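Let me begin by presenting the structure, written as structure tokens, before commenting on it.
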Amino acid sequence: MFGTVHVTTRDIALQEPDLVRRFNAAIMRGLAEATTEPAAAADSLAVYNPPTDVDIAAAELELMAPYVGPAPIGGLERQRVAQMIATLEGAGAVPPGVTPGDVVAFDLLPGA
């Protein structure tokens, strides 16, 4: 299963695909930087969210770093999405027949 994905509406994906691509690129750059410079990212987070414990935030980013990627960061493989759908289908969480293309706009992902 994937840990985190970004979601948008079908209308935005169809009407403003460049906006979706730019947002994805920016958020993935931030993720890459945060996992390579966890202390700096934690300090920045604390500026905008003062209750943040910078030591805990930095440690979380350090733990997450090995799971970011492979390149391109933020890319999804059809086969992994299909496996995720099959798992959810087997658990009764999605109806039969859902395909990767039904839930992911692969042309809007990094590296597309």
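The analysis underlying the following values was restricted to heavy atoms, covering all of them including side chains, and did not include hydrogens, waters or symmetry mates. For clarity, every value in this text was computed on a predicted model and none was experimentally measured.
- Note that CG of N24 and CZ of R21 are 9.5 Å apart. Values are rounded to the nearest 0.5 Å.
- Contact annotation: the side chain of M64 approaches that of L31 to within less than 4.5 Å [non-hydrogen atoms, C-beta and beyond].
- Smallest separation of non-hydrogen atoms from A41 and L61: CB-CD1, 3.6 Å.
- The nearest pair of heavy atoms linking I85 to P100 is CD1-N, 3.6 Å.
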- Under the side chain to side chain contact (heavy atoms under 4.5 Å, CB included) criterion, do H6 and I27 qualify, and how do the steps go? CA-CA 10 Å; H6 298 109; I27 203 80; 3.3 Å; yes
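- Contact between P38 and E62 at its shortest, heavy atoms only, is CG-CG, 3.5 Å.
- Atom-to-atom distance recorded for D18:CG and F23:CZ is 14.0 Å, nearest 0.5 angstrom.
- L76 and V94 fall within a single hydrophobic cluster, where Ile, Leu, Val, Met, Phe, Trp and Tyr side chains are chained together by heavy-atom contacts under 4.5 Å.
- Taken to the nearest 0.5 Å, the CD atom of E16 stands 8.5 Å off from the CZ atom of R22.
- Every residue meeting the side-chain contact (heavy atoms from CB on, under 4.5 Å) condition with D11, not counting sequence neighbours, appears here in chain and number order: T9, Q15.
- Proximity of a side-chain donor or acceptor of N49 to a complementary backbone N or O of T52 within less than 3.5 Å is not detected.
- Within the model, atoms CG of L14 and OG1 of T8 stand 9.5 Å from one another, a figure rounded to the nearest 0.5 Å.
- For residues 90-103, every residue pair satisfying the side-chain hydrogen bond (donor to acceptor under 3.5 Å, both in side chains) rule, not counting sequence neighbours, is listed here: T99-D102.
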- Show the numbers, then the answer: is there a side chain to side chain contact (heavy atoms under 4.5 Å, CB included) between F106 and V81? CA-CA 11 Å; F106 289 95; V81 174; 4.1 Å; yes
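- Evaluation of the side-chain contact (heavy atoms from CB on, under 4.5 Å) rule for V54 yields A42, D43, A46 as partners, not counting sequence neighbours.
- Summarising the geometry of T35 relative to V68, their closest heavy-atom pair is CG2-CG2, 3.7 Å, with the distance given to 0.1 Å.
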